[in-house]
Amino acid sequence: MTSNWPPGDPAMIFLDAAATTPVRREVLDAMWPYLTGGFGNPSSHHTLGEAAAAALAQARRTVADVLGCRPGEVVFTSGGTEADNLAVKGVALARQAANPLLDRVVISAVEHPAVEESARYLERFHGFSVDVVPVDSTGRVTPEALAGALRPETALVSIMYANNEVGTIQPIAALADAARAHGIPFHTDAVQAAGWLPLDTRPLGVDAMSISGHKLGAPKGCGLLFVRSRTRLEPVIHGGGQERGRRSGTENVAGAVGLATALTLARDRQAGEQARVAALRDRFIAAVLAGVPDAVLTGHPSERLPSVASFCFPGTSGESVLLELERRGVVCSSGSACAAGSDAPSAVLTAMGVPAEVAQTAVRFSFDAAVTREDLDAAAAAVQAAVAGIRNLGAGQGR
Ligand code: PLP
């Protein structure tokens, strides 16, 4: 990871993989033919178009194999945000059209804005109510809490697989079960989980699942929504009727091929890599807590992504720690990239009961599969120096 990023500064340690990842070589190689000579439009009725359609169909079959579903249950989208919009708006509106009494959606208190804002849109423009299920102090939703939020009018439940700020993993199979017991479709945003956690939709029991390419070594601007057959879905993008009428617009053939390749690579290396990165994460967490004894690890202690370590550093501000770390050659994030630049304390940490003044000191370190022990040892030392530097400055100003 340190070898070619950013251009001109090969020594930089990039610990912001939950924001995005570089495109993997194998992914780029698989995409290349469809960006160059095989550039056809899959809807065209000539050889070039038919070759593109065949590549798209193959990508769909490959994805279906990873997700344990039928090719026809895969809708390619422009990314995770669009997949979440399609799931939340598309399922809720389609179900309401069939039964006007269905006018509630259930989400968790720690959803990505792509889910939360889609639910709020339904509230603003379509008369829905949004029921928000609380999380515990580790960021988990319990099946009991979910069951308590379900009503006869609930059209859809959407709860993420793993959180983008603290890495907490939800008990998705149990949550999906609770929704199924009431005949309510269950969507999960698996954007952060993809690449790290099992994606077979059968044991998960989900009816819809969102994935984004750029979090796992495919390019930005490609993603997908798995939608179980017979789940009603109203499109949110209308036009030429591509993707069986569920998502119009000329398909991103190269993106779909890249995403299929990235998902296959991730599945094939998952078991070994997950354990290796989780061990590195635990070593990094221990080193940070040893260097900054009053740092607080946020999220679940064990049910967390192998790739995410997130802390609060009381007495600092997240932004100042970021700046100090970048000066020392470490790039990370103060929460999620989507909330970057906002002064508001993280809604995720607030929902977990972290006081606002502590939530403002949050820093997230996230790794991709290429992370090394040397990088993380160096980063932990940089964290200790950065926090000490900020505190010394504060003490000096106080004198
Ligand atoms: N959902 C989660 C949990 C995410 O972390 C992100 C991106 O940060 C998204 C959705 C949005 O995905 P995309 O960037 O592909 O639109």
Side-chain angles (χ1 to χ4, degrees), residues 14-23 27 63 74-90 107-121 135 139-141 158-170 172 175 187-197 199 204 206 208-226 236-237 247 249 252 255-256 258-259 262-263 266 298-300 304-308 310 332-342 346-349 351-352 362 364-368:
F14 179 75
L15 299 184
D16 201 13
T20 197
T21 59
V23 177
V27 170
V63 169
V74 175
V75 181
F76 287 113
T77 67
S78 67
T81 299
E82 188 192 324
D84 284 345
N85 272 260
L86 179 55
V88 174
K89 297 176 188 172
I107 62 173
S108 85
V110 293
E111 292 306 309
H112 187 274
V115 164
E116 183 180 4
E117 289 304 316
S118 294
R120 296 294 168 202
Y121 162 84
V135 294
R140 294 256 283 185
V141 177
S158 179
I159 297 182
M160 70 199 327
Y161 196 165
N163 184 262
N164 47 305
E165 289 187 39
V166 296
T168 296
I169 300 168
Q170 301 294 349
I172 289 301
L175 296 171
H187 165 250
T188 192
D189 173 339
V191 168
Q192 292 293 341
W196 297 107
L197 303 180
L199 294 178
L204 286 173
V206 297
M209 183 165 80
S210 306
I211 290 176
S212 171
H214 73 108
K215 310 287 184 176
L216 68 155
K220 296 164 189 61
C222 62
L224 66 88
L225 180 68
F226 154 76
V236 295
I237 297 182
R247 195 277 183 182
N252 177 357
L259 178 52
L263 280 169
T298 54
H300 197 282
R304 62 187 304 135
L305 288 173
S307 51
V308 174
S310 51
C332 55
S333 140
S334 62
S336 72
C338 315
S342 134
S346 146
V348 170
L349 293 175
M352 289 163 54
R364 175 190 72 186
F365 303 90
S366 51
F367 329 128
D368 81 359

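Basis for what follows: all heavy atoms, side chains included, without hydrogens, waters or symmetry-related copies. Remember, it's 1-based here, ligands and their atoms both numbered in the order they're listed.
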Less than 4.5 Å apart, any side-chain heavy atom of F367 and any of L15? yes
So do V63 and L263 actually touch side chain to side chain, heavy atoms under 4.5 Å? yes
Within 4.0 Å of some non-hydrogen atom of T81, the atoms of ligand 1 are 11 (C), 12 (O), 13 (P), 16 (O)
Ligand-residue contact atoms, ligand 1 with S212, heavy atoms, under 4.0 Å: 13 (P), 15 (O)
Quick check on side chain to side chain contact (heavy atoms under 4.5 Å, CB included): which of N85, V236, T81 does S118 satisfy it with? N85
Given H187, which partner from the list I107, L86, V206, L225 fulfils the side chain to side chain contact (heavy atoms under 4.5 Å, CB included) test? L225
Go through ligand 1 atom by atom and flag the ones less than 4.0 Å from a non-hydrogen atom of H214. 13 (P), 14 (O), 15 (O)
With only distance considered, is G80 within less than 3.5 Å of ligand 1 through an N or O on each side? yes
Between D189 and ligand 1, which part of the residue brings a heavy atom under 4.0 Å of the ligand: side chain, backbone, both or neither? side chain
One residue to check: N163. Relative to ligand 1, which of side chain, backbone, both or neither has a non-hydrogen atom less than 4.0 Å away? neither
Between the side chain of Q170 and the main-chain N/O of G139, is any donor-acceptor distance below 3.5 Å? yes
S307: which residues meet the side chain to side chain donor-acceptor pair (under 3.5 Å) condition with it, sequence neighbours left out? W196
Please tell me if the side chains of Y161 and L204 come closer than 4.5 Å, counting only heavy atoms from C-beta onward. yes
Pair V110, M160 - check side chain to side chain contact (heavy atoms under 4.5 Å, CB included), show working. CA-CA 8 Å; V110 293; M160 70 199 327; 4.1 Å; yes
Ligand 1 to M160, heavy atom cutoff 4.0 Å, flagged ligand atoms 3 (C)
Considering only heavy atoms, does E82 approach ligand 1 within less than 4.0 Å through its side chain, its backbone, both, or neither? neither
Counting heavy atoms under 4.0 Å, the part of K220 that contacts ligand 1 is neither
The atoms of ligand 1 lying under 4.0 Å from a heavy atom of D84, numbered in the order shown, are 1 (N), 10 (C)
For G79, the ligand 1 atoms with a heavy-atom partner under 4.0 Å come out as 15 (O)
